Amino acid sequence: MSHPNFPNPSQSGPSAPPIPPAPSTFGGPSTFEGHYPGAPQGDYQPGPHGSGPYPDGPRKSFMTTWILSLLLGTFGADRFYLGKIGSGIAKLLTAGGLGIVAIVDLIITLTGNTRDKDGRPLEGYPENKKKAWIITGVVWLISIITGILLTIMSVAMIGAALDNRKLPVSPELPSASQAAPNPSRGTTPSNGAAPSSGADAGANSFVATVSEGNTVKISVLDSIYTAEIPGMTYMQPKNGGFLAVKVSWETLTGSSFSSPSNFKVYDAEGKEGELVYLDDGMGALPTDEVGAGDVRQGVIAFDVKKGPTQVVVNDDFGDKTATFTLTPQ
């Protein structure tokens, strides 16, 4: 039987390559240790405090961000500064999210959690955070106290205004008896406003028959000539001014019907004046049926030329029943 021939180490010729030592399983020396010291290949190695895998360039200032958030956060100024243009515009258009987002952003900045658009922390937070908290607290306290004071002052002013308010009243025609003497104002009844027809019933009064058996006592209580009627300034006189007469209409017998249309006026040239229908609440003579013993009082007004004015009272049929003259002084 033949056997294979193995090389003899003592014989000359090439020798087999050496077998590398097996790697250590339990922490022994490794053949790769010299090439990759430390942690396994591919792991992130932390650097100094505050640094990280961020883009190069200077970081945003914590102080600037905090001041903008405190004073102009409602307008999104802090987010614009951090480069967050989209959310800054949204914050601007919503007035800081009705103030809620502005407060939240300020608190996040004060707690050191605000980042710029690249995710980098702000520069200068550790050394300035205490000062920022103190100043923010003082500003908030002053704002609260100011708001309370303004609220109290507003309530007090409203209360005073309500206490002193003047209830709206209907404008009244000026009274000749209350006005200072002025030739351009006021009229006085000529001859005591005695009628040129009709029964005399005393100073400034007369009795007129308005229908068969029905009589009324008409009295002139006051009168004035004025360039405009208070409360009706939109009306412009066509004849130079307005004559306003306050009268009393009292039914003596039977019944009667009071109305401004029972009266007509004529100027010195005989031109008829235009009856002015006063607005509601201005004290016009009411249009009403008046029974015996009842009285109605009110104002009748006419657009008529200034000067001696003849006032005509008509009966129920539109016929003249009495006249009297008023002469402006």
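The residues of the chain are indexed from 1 along the displayed sequence. Here the structure is a predicted model, which is why all the values come from computation and not from measurement. Scope of the values below: all heavy atoms of this structure, side chains included, with no hydrogens, waters or symmetry mates.
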* Step by step, work out the side chain to side chain contact (heavy atoms under 4.5 Å, CB included) result for S219 and V247. => CA-CA 5 Å; S219 303; V247 299; over 6 Å; no

* Does the salt bridge (Lys or Arg N to Asp or Glu O under 4.0 Å) test come out yes or no for D78 and K91, once each step is laid out? -> CA-CA 10 Å; D78 52 337; K91 194 174 177 182; 3.1 Å; yes

* Using the ring of each side chain (for Trp, its six-membered ring), is F206 parallel, tilted or perpendicular to F324, with breaks at 30° and 60°? -> tilted

* Asked: Hey, is CD on E212 packed in by over 12 heavy atoms from elsewhere, all under 6.0 Å?
  -> no

* Asked: Does a side-chain heavy-atom distance below 4.5 Å link V311 with T325?
  -> no

* Of S259, S256, S258, the residue whose pairing with W249 passes side-chain hydrogen bond (donor to acceptor under 3.5 Å, both in side chains) -> S256

Atom pairs and distances, side-chain donor-acceptor, residues 69-77, under 3.5 Å, sequence neighbours left out:
from	atom 1	to	atom 2	distance (Å)
S69	OG	L106	N	3.4

* Asked: In the hydrophobic cluster built from side-chain contacts under 4.5 Å, what are the other members alongside M157?
  -> none

* Structure fact -> Heavy-atom closest pair (F62 atom, G124 atom, distance to 0.1 Å) is CD2-O, 3.8 Å

* To do: Would you list the pairs meeting side chain to side chain donor-acceptor pair (under 3.5 Å) in which at least one residue belongs to residues 232-243, sequence neighbours left out?
  => Y234-D279, N239-K271, N239-D303

* **Residues clustered with V155, ILVMFWY side-chain links under 4.5 angstrom** => none

* Between the side chains of T114 and T109, is a donor N or O closer than 3.5 angstrom to an acceptor N or O? -> yes

* Structure fact -> Minimal heavy-atom distance between E228 and T226, with the atoms involved, is O-OG1, 3.0 Å

* Verdict with supporting geometry, K246 and S223, side chain to side chain contact (heavy atoms under 4.5 Å, CB included) -> CA-CA 6 Å; K246 186 174 183 180; S223 61; over 6 Å; no

* Asked: Is there a donor-acceptor pair under 3.5 Å between the side chain of Y81 and the backbone N or O of S61?
  -> yes

* **Student check: side-chain heavy atoms of M63 and K131 closer than 4.5 Å** => yes

* Under 3.5 Å donor-acceptor, Y225 side chain and V304 backbone -> yes

* Taking the side chain from T251 and the backbone from T253, do they hold a donor-acceptor pair closer than 3.5 Å? -> no

* Would you call R59 and D118 a salt bridge, taking side-chain N to carboxylate O under 4.0 Å as the test? -> no

* Is there a side-chain contact between L275 and P260 (heavy atoms, below 4.5 Å)? -> yes

* To do: Could you tell me which non-hydrogen atom of A292 sits nearest to which non-hydrogen atom of L252, and how far apart they are?
  => CB-O, 4.1 Å

* Kindly determine whether N214 and T209 satisfy side chain to side chain contact (heavy atoms under 4.5 Å, CB included), including the steps that lead there. => CA-CA 6 Å; N214 299 327; T209 301; 5.9 Å; no

* Asked: For T321 and N314, which heavy atoms make the closest approach, and how far apart are they?
  -> CG2-C, 4.0 Å

* To do: Mind running side chain to side chain contact (heavy atoms under 4.5 Å, CB included) on M235 and V276 for me, showing each step along the way?
  => CA-CA 10 Å; M235 292 193 63; V276 176; 3.9 Å; yes

* **Side-chain touch L278/M232, heavy atoms, less than 4.5 angstrom** => yes

* To do: Locate the shortest heavy-atom distance separating M282 from P230; write the atom from each residue and the value.
  => CE-O, 2.9 Å

* Closest non-hydrogen atom pair between R296 and L285, with its separation -> O-CD1, 4.0 Å

* **Pairs flagged by side chain to side chain donor-acceptor pair (under 3.5 Å) wherever residues 140-155 is involved - sequence neighbours left out** => none

* Among all residues two or more places apart in sequence or in another chain, which pass the side chain to side chain contact (heavy atoms under 4.5 Å, CB included) test with S87? -> R79, K84

